[in-house]
Protein chains: 2
Amino acid sequence: MVVVSLESLSGGVLNEAKIHDQVYEALSEALIQGQIPPLKPVSLRTLAQNLGVSPMPVREAVRRLIAEKALELQPSNKRLRVPDLTEKRLMQLMKARQWVEPELAFLATPSVTRDVIRRLREDDQAVMSALAKGDVSAYMQANQDFHFSIYKLADADLFYNMARTLWLQVGPFMRVVFGRMGTVHLPKDHHQDMIRALEEGDAEAVRSSMAADIHEGMELMLEAIKAQVAPEPKRRRRGG
Amino acid sequence: MVVVSLESLSGGVLNEAKIHDQVYEALSEALIQGQIPPLKPVSLRTLAQNLGVSPMPVREAVRRLIAEKALELQPSNKRLRVPDLTEKRLMQLMKARQWVEPELAFLATPSVTRDVIRRLREDDQAVMSALAKGDVSAYMQANQDFHFSIYKLADADLFYNMARTLWLQVGPFMRVVFGRMGTVHLPKDHHQDMIRALEEGDAEAVRSSMAADIHEGMELMLEAIKAQVAPEPKRRRRGG
DNA sequence: TCGCGGCAATTGTGATCACAAAATGCGCGG
DNA sequence: CCGCGCATTTTGTGATCACAATTGCCGCGA
């Protein structure tokens, strides 16, 4: 099973990018989409083999991801894996997301054009469609597209990268939660309100609806993680 | 001129750490302390030679720092250097610092003990002393100690690392600004108020005094960078 | 004196090899 | 049948080599 691939994003024309950047992008996407479950151990050589490159560029990409807390090295020092989410950690991620992402949406508001609105409507449509079909993967992809289409407009690199780093950390767990409870119980999206506020150029309204959107999603994960504390202390996870 | 060293932090007893971690710590410290000026090009092999290690662990440490935006790779793709600070970027750093660090201080408040207060008084004393002597290096070191002594208590890894990352990006420029205008004009520290609020356990007061402290310092840098926009478009920097 | 062309040195990148430590699998003993 | 210890395998880490591209420098020419 190859959860990450290189060709998919090198696209074909984009040939100048460094290999380790491509590996990083591939791994990032896989993590944000939750294609790599928490605690899943990954190895440099295995990844390298799957991607058809030498372990070296994988090492560099992984080093970046470790710096972003998207991956971790066990204290034992010999095992690379996706970190687990403690309740404390999730609380911090929630607070951080509730600060940066509304801020990004706020900053993006003045740059919204008719064309952007149209694309957001498409993304939102894809979100609804995915929910209807119960397709978790499609939902996560469309939701990511929707959010980052907005964030990109903010022209605020630092905040943008912070948001991306936060998604990297939340992604793997989000997939687990949604996969467990199905897409049915997913929070009603505030996307409609957000689009309306964006159209009207009401930056404050955009900010608050984004905050609400994130709040609901994260609250869901928080409940899920609380419920998951006790269960089986030992669990063998294989495949996915 | 060796601005980074390994022995200084390996201390002697800390022997289990990986080399690339030591290199990372050394470079981090150098950056936060502003010992590496903006736009200063650094090279893997040179650093490795100075540190007495092979280029490999340096490469990994540098990759982490690039991920944290503490270093950058020129678009030309062949030159590693400390990024410059645009006004836009500094604004974002200011906003981010004004959010995380007061939050960290807020969270730290309940964990404050008499022992902590004593150490903070020592740090603040060192800050005042450095200011009196006009010793920029000592000031930055003491100021860092003061702030992170508090942040450490918050028991919030994510926020703590965010703060550290922000300091990594601000450090080099802070040194330039302070070095240019001297330590005389440095903002009156809000450290006294902060210590008092910490003693009284008034978390909200701690948060606001931390916000004020950061606000003044960053405002100073903002003015400095605005004034620096026009000057010489070309400047040769050598030594340091 | 200044501009520019070309060469040498240095740079980051990627691959490969070597090594110690931890994880895994297996078989023995209970 | 289950637990434990040992040997093999796999892991991350560090060093070294090779390479193409860029940088920086030197000298030539106007």
Side-chain angles (χ1 to χ4, degrees), chain A residues 4 6-7 10 14-27 36 39-83 234-239, chain B residues 1 4 6-7 10 14-27 36 39-67 69-83 234-239:
Chain A
V4 288
L6 230 57
E7 290 68 31
S10 73
L14 181 56
N15 47 3
E16 299 254 32
K18 300 293 175 205
I19 296 184
H20 67 83
D21 279 319
Q22 300 181 38
V23 174
Y24 172 80
E25 292 294 339
L27 285 174
I36 307 178
L39 295 184
K40 171 76 174 286
V42 296
S43 92
L44 295 176
R45 286 178 176 84
T46 303
L47 277 172
Q49 199 167 353
N50 287 355
L51 293 169
V53 298
S54 90
M56 184 57 83
V58 179
R59 216 200 287 195
E60 306 200 33
V62 161
R63 192 61 60 189
R64 276 178 71 178
L65 290 166
I66 291 176
E68 297 177 313
K69 309 292 178 189
L71 291 177
E72 74 174 0
L73 221 48
Q74 272 178 332
S76 38
N77 208 359
K78 208 79 158 221
R79 207 71 204 180
L80 184 65
R81 63 179 188 186
V82 179
K234 188 162 65 177
R235 171 80 75 94
R236 181 66 60 100
R237 167 174 288 124
R238 200 182 46 179
Chain B
M1 174 201 60
V4 289
L6 232 57
E7 291 65 33
S10 71
L14 182 57
N15 46 2
E16 301 255 31
K18 300 293 176 206
I19 294 185
H20 68 83
D21 278 320
Q22 299 181 39
V23 173
Y24 172 79
E25 292 294 339
L27 285 174
I36 308 179
L39 294 185
K40 171 74 173 286
V42 296
S43 93
L44 265 47
R45 287 178 175 84
T46 303
L47 277 173
Q49 199 167 353
N50 287 354
L51 293 169
V53 299
S54 91
M56 185 57 81
V58 179
R59 217 201 287 196
E60 305 199 34
V62 161
R63 192 61 61 190
R64 278 177 71 179
L65 290 166
I66 291 178
K69 310 291 179 189
L71 290 177
E72 73 174 0
L73 221 46
Q74 271 179 335
S76 39
N77 209 359
K78 208 78 157 224
R79 207 71 203 181
L80 185 66
R81 64 179 185 184
V82 178
K234 187 162 68 178
R235 171 79 75 94
R236 181 67 60 100
R237 169 174 286 122
R238 202 182 45 179

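In what follows, chains carry the letters A, B, and so on, assigned in the order in which the sequence lines appear, proteins first and then strands, with residues in each chain numbered from 1.
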Can you see which heavy atom on [X] is nearest to which on [Y], and at what distance?
X	Y	value
A:Ala17	A:Gln22	O-NE2, 3.1 Å
B:Ala61	B:Val23	CB-CG1, 3.6 Å
B:His20	B:Pro57	CB-O, 3.5 Å

From the list B:Leu27, B:Val42, B:Leu73, side chain to side chain contact (heavy atoms under 4.5 Å, CB included) with B:Val62 holds only for B:Leu27

dist A:Arg64:CZ -> B:Arg64:CZ (nearest 0.5 Å) comes out at 14.0 Å

Reading nucleotides 6-18 of chain C from 5' to 3' and marking B where a protein heavy atom lies under 4.0 Å of the base, S where only the sugar-phosphate is that close, and - otherwise, the string is -----BBBBBB-B

